[in-house]
> 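After the structure tokens below, expect a handful of questions from me.
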Amino acid sequence: MAQGERETEILKAAREEIKKLREEGIEPYAYKYERTHYIKDIHEKYKNIKIDELIEEDVSIAGRLMSIRRHGKASFANISDISGTIQLYIKKNEVGDEAYALFKRLNVGDIIGVRGYIFKTKTGELTIFVKSLKLLSKAIRPLPEKWHGLRDVETRYRKRYLDLIVNPRTKEIFILRSKLIHYMRTYLNENGFLEVETPILQPLYGGAMAKPFKTYHNALDMEMYLRIAPELYLKRLIVGGLEKVYEINKNFRNEGISIRHNPEFTMMELYEAYNDYIGMMKFTEEMIFYIFDKLNLGPEITYQGEKLDFSLPWKRMTFIEAIEEYSGYKVSKMSDKELISLVDKLGLEIVGELTKFKVLKELFETYVEDNLIQPTFIMDYPTEISPLAKKKRDNPDFTERFELFIAGQEVGNAYSELNDPQDQLERFIRQQEEKKKGDMEAHEIDYDYIEALEYGMPPTAGLGIGIDRLVMIATDSPSIREVILFPHLRREKEKDIEDDIKE
RNA sequence: GGGCCGUUAGCUCAGCUGGUAGAGCACCGGACUUUUAAUCCGGGUGUCACAGGUUCGAAUCCUGUACGGCUCACCA
């Protein structure tokens with residue numbers, strides 16, 4: 001979009017001001033400012049002082065001017081740093097003519113440092129009584145409106161910095177996201193897990209069913225893929241004896257974008273030798289319970305108007321039980337023929353070869369998922385749709401696998417890991433057949449991984465947690481874009497800013 | 001990719017069945033030494049997303065395009 005005249009005018013005037021400041025010996029882009037406090041610390045330390053009481057202790061803070069109320073020879077303003085907002089009181093005969101003159105030239109959006117005393121105004125607001133101030137960075141563009149903030153969703157995502165400046169909730173969400181990951185790491189580290197990094201650029205992709213992003217390495221002269229999952233590398237580390245490993249990083253899937261999907265998303269995957277999926281289920285609920293507790297989210301969370309109860313233990317039901325409960329079809333009592341006949345009857349769409357297990361999968365997705373509001377472990381998925389999971393001890397048609405659902409979304413996926421190299425090879429081969437029949441997302445055969453298994457992988461349980469989705473639930477966010485700092489959007493039209501720079 | 005909806009000043013939004021583009025905030029000038037969406041006086045904002053079409057006349061009606069939102073499909 002072409003730049004409006006108003007915008008050009010604002011920028012031109014601001015650049016004039018920058019020039020004038022420099023001529024007067026005031027550097028509009030300072031190098032450093034020593035601060036003694038975060039704003040939050042001041043609120044905590046002095047919240048109980050009396051009205052009109054003046055604390056004659058020097059404090060210095062720095063931040064962005066968010067509002068200004070001028071009253072002739074004295075002014076009020078609000079300044080924000082990462083921790084919070086505090087009011088400033090600037091009096092001409094206190095800061096001196098020169099500093100007051102500078103203050104009068106400042107605008108909302110400018111970044112300043114101030115030093116002063118603390119007092120409480122007659123309305124009871126904790127305030128910095130400014131003794132001196134320094135301009136740290138001059139803003140030459142106006143901030144979005146102070147009262148309504150920035151509402152336009154597209155601008156909020158494209159210019160996340162503005163969203164962070166003016167919408168306090170956005171800042172809270174991303175601070176919480178960071179803490180959530182921090183507590184997850186803490187929990188894993190304290191439980192003896194080793195954080196590792198495995199390739200994001202992979203010669204073969206695997207560990208999930210998805211379409212990859214393709215790229216090319218010039219020096220090696222080979223095609224590579226951005227990983228869709230780290231699984232096969234992490235399990236090689238289990239073969240190598242690292243026993244308890246995890247990785248928190250991005251996965252990439254070349255698929256549709258939606259309220260629940262971003263092409264790159266953050267996943268935590270962990271593997272624990274000598275455990276199985278039953279043990280992992282307990283570990284999973286305890287870890288998330290711990291994290292939410294540390295975030296002061298309590299066992300009950302409201303997500304999009306629904307009360308979610310995270311009290312332990314969480315509900316467990318098998319894949320088949322869930323289908324029977326929510327679809328009403330007693331699939332365990334139906335013959336293969338009867339099951340397959342449901343496809344036409346219900347208008348289900350099946351990719352690749354039509355089998356009863358795929359019908360079950362469709363029934364699950366159609367009837368069950370949306371109903372799994374409370375945290376629920378769904379156990380024992382069909383072997384056919386779980387090519388990396390170990391078969392159930394008593395029924396080879398199903399695997400020792402669970403998925404965790406919260407608020408109708410899949411948040412976690414775990415197995416007793418398949419460590420029989422012969423079985424794994426057969427499953428890969430079966431995947432290849434699927435691929436030939438039209439399932440583009442079926443696994444490639446990773447012979448190197450098979451070889452690793454041939455050296456012996458201990459019995460192992462693995463778990464993947466979708467971090468973005470967990471953060472959505474923790475922050476009551478309806479869209480994954482609200483919890484990803486820079487969600488992917490189409491490229492904006494080229495903006496002609498050249499004239500502007502030449503000014 | 002399909003369907004529905006949206007795009008007006010830096011920001012938040014009005015603009016009715018077609019008749020010369022509006023407000024608040026922000027900004028600039030002035031008054032004001034305890035305000036807090038400060039107040040008061042004065043100032044002017046624009047390729048109405050873009051390109052066509054219909055019309056005496058289009059922000060408004062029609063078509064196409066771009067971008068976005070929701071949704072369906074695919075998926076986590």
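Chain identifiers are assigned alphabetically (A, B, ...) following the order of the sequence lines, protein sequences preceding nucleic acid strands; residue numbering begins at 1 within each chain. As the structure is a computational prediction, the values presented were derived from the model and not from experiment.
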> Can you tell me if the side-chain N/O atoms of A:Lys91 get under 4.0 Å from OP1 or OP2 in B:U34?
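No, outside the criterion.
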
> For B:C61 versus B:A14, give the span between their P atoms, rounded off to a whole number of Å.
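Pairwise P distance, B:C61 against B:A14, rounds to 15 Å.
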
> Restricting to nitrogen or oxygen on both sides, can you table the protein-nucleotides 70-73 of chain B pairs closer than 3.5 Å?
residue, atom, partner, partner atom, Å
B:C70, OP2, A:Arg481, NH1, 3.0

> Look at the side-chain N and O atoms of A:Arg490 and state whether any lies under 4.0 Å from the OP1 or OP2 oxygen of B:G68.
yes

> In whole Å, measure the gap between the P atoms of B:G22 and B:A26 for me.
22 Å

> Got a sec, which pairs hit side-chain hydrogen bond (donor to acceptor under 3.5 Å, both in side chains) with one end in residues 359-368 of chain A, sequence neighbours left out?
none

> Measuring only the P atom in each nucleotide, how far is B:U65 from B:G3? A whole number of Å is fine.
11 Å

> Checking all strands, does A:Asn167 fall into the base, sugar-phosphate, or nothing category for heavy-atom contacts under 4.0 angstrom?
nothing

> Starting from the 5' end of RNA chain B, give me the residue, A:His148 or A:Arg158, whose nearest nucleotide shows up first.
A:His148

> Base of B:U35, side chain of A:Gln87 - is there a donor-acceptor contact under 3.5 Å?
yes

> Answer with base, sugar-phosphate or nothing: what part of the nucleic acid does A:Met209 contact at a heavy-atom distance below 4.0 Å?
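Here A:Met209 touches the backbone only, sparing every base.
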
> Passes salt bridge (Lys or Arg N to Asp or Glu O under 4.0 Å), A:Lys435 versus A:Glu444? Steps please.
CA-CA 9 Å; A:Lys435 197 158 198 168; A:Glu444 294 284 340; 2.7 Å; yes

> Angle between ring planes, A:Phe193 versus A:Tyr246, binned at 30° and 60°: parallel, tilted or perpendicular?
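Answer is perpendicular, since the angle exceeds 60°.
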
> Is there, by distance only and without an angle test, a donor paired with an acceptor across the side chain of A:Asp152 and the base of B:U12 below 3.5 Å?
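For A:Asp152, whose side chain was compared with the base of B:U12, there is no donor-acceptor pair (under 3.5 Å).
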
> Under 4.0 Å between a side-chain N or O of A:Lys146 and OP1 or OP2 of B:A26?
yes

> Once you round it to whole Å, what is the distance between P of B:U35 and NZ of A:Lys120?
17 Å

> With rounding to whole Å, what would you report as the distance between B:U45 and B:G24 at their C1' atoms?
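Looking at atom C1' only, B:U45 and B:G24 are 14 Å apart.
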
> Partner of B:G1 by Watson-Crick or G-U wobble geometry, both contacts under 3.5 Å, or none?
B:C72

> B:G68, B:C32, B:U35: which one has an atom nearest the side-chain heavy atoms of A:Lys73?
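Minimum distance to the A:Lys73 side chain belongs to B:C32.
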
> Using Watson-Crick or G-U wobble geometry with both distances below 3.5 Å, tell me the partner of B:U17, or none.
none

> Between A:Glu434 and A:Lys358, is there a side-chain N and carboxylate O pair less than 4.0 Å apart?
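A:Lys358 and A:Glu434: salt-bridged.
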
> On RNA chain B, check which nucleotide each of A:Asn107 and A:Phe76 is closest to and give me the residue with the more 5' one.
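Here A:Asn107 is the residue nearer the 5' end.
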
> Which nucleotide wins on minimum distance to the side chain of A:Leu150, given the candidates B:G10, B:U34, B:U12?
B:U12

> Using atom C1' in both nucleotides, what's the gap between B:A9 and B:C4 to the nearest angstrom?
29 Å

> With sequence neighbours excluded, give me every salt bridge (Lys or Arg N to Asp or Glu O under 4.0 Å) pair touching residues 259-268 of chain A.
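Every salt bridge (Lys or Arg N to Asp or Glu O under 4.0 Å) pair that includes a residue of residues 259-268 of chain A, provided the two are not neighbours, is A:Lys250-A:Glu264.
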
> Could I get the full list of side chain to side chain contact (heavy atoms under 4.5 Å, CB included) partners for A:Ala74, not counting sequence neighbours?
A:Tyr89, A:Lys91

> Look through every strand shown and name the nucleotide pairing with B:C61 as Watson-Crick or G-U wobble, where both distances are under 3.5 Å.
B:G53

> With the side chain of A:His71 defined as its heavy atoms from C-beta on, choose the nearest nucleotide among B:C32, B:C74, B:G69.
B:C32

> Can you list the residues that meet the side chain to side chain contact (heavy atoms under 4.5 Å, CB included) rule with A:Ser75, with sequence neighbours excluded?
A:Arg70, A:Tyr100, A:Phe103

> Mind checking the P distance from B:C16 to B:A21? Whole angstroms is fine.
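Nearest-Å result for B:C16 against B:A21 at atom P: 13 Å.
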
> Return each pair, listed once, that meets salt bridge (Lys or Arg N to Asp or Glu O under 4.0 Å) where at least one residue sits in residues 398-407 of chain A; pairs must be two or more places apart or across chains.
A:Arg393-A:Glu400, A:Arg401-A:Glu403

> Searching all strands shown, indicate the nucleotide that pairs with B:G42 (Watson-Crick or G-U wobble; both distances under 3.5 Å).
B:C28

> At less than 4.0 Å, is any side-chain N or O atom of A:Arg70 found next to OP1 or OP2 of B:A38? Yes or no.
no

> Below 6.0 angstrom between ring centroids: does that apply to A:Phe213 and A:Tyr225?
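No, too far apart.
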
> Could you tell me how far apart A:Trp147 (CH2) and B:C13 (C1') are, to the nearest whole angstrom?
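Answer to the nearest Å: 16 Å.
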
> Given B:U33, B:G69, B:A76, which nucleotide is nearest the side-chain atoms of A:Leu489?
B:G69

> Using atom CZ of A:Arg156 as one end and atom P of B:C11 as the other, report the distance to the nearest whole Å.
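Rounded to the whole Å, the gap is 15 Å.
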
> Any strand counts, and the cut-off is 3.5 Å on both contacts for Watson-Crick or G-U wobble. Which nucleotide pairs with B:U7?
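B:A66 is the nucleotide pairing with B:U7.
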
> Take atom CD1 in A:Ile257; do more than 12 heavy atoms of anything else shown fall under 6.0 Å from it?
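For A:Ile257, atom CD1 is crowded (more than 12 foreign heavy atoms under 6.0 Å).
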
> Within the stacking criterion (centroid distance below 5.5 Å, interplanar angle below 30°), does A:Phe265 stack on B:A76?
yes

> Find the distance A:Lys358:NZ to B:C74:P and express it as a whole number of Å.
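Computing the A:Lys358:NZ to B:C74:P distance gives 13 Å.
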
> Expressed in whole Å, how much space separates the P atoms belonging to B:U20 and B:C27?
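After rounding to an integer number of Å, I get 33 Å for this pair.
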
> Check every atom of B:A76, B:U35, B:C13 against the side chain of A:Lys122 and return the nucleotide holding the closest atom.
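Output: B:U35.
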
> Please work out if A:Leu162 contacts a base, only the sugar-phosphate, or nothing of the nucleic acid, heavy-atom cut-off 4.0 Å.
nothing

> How long is the line joining OH of A:Tyr89 and P of B:A38, in whole Å?
16 Å

> Is A:Asn254 near enough to B:C74 that one of its side-chain N or O atoms lies under 4.0 angstrom from OP1 or OP2?
no

> With a 3.5 angstrom cut-off on both distances, give the Watson-Crick or G-U wobble partner of B:U33, or none if there isn't one.
none

> OP1 or OP2 of B:A38 less than 4.0 angstrom from a side-chain nitrogen or oxygen of A:Arg69, does that happen here?
yes

> B:C48 and B:C41: how far apart are their C1' atoms, nearest whole angstrom?
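It works out to 31 Å between them.
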
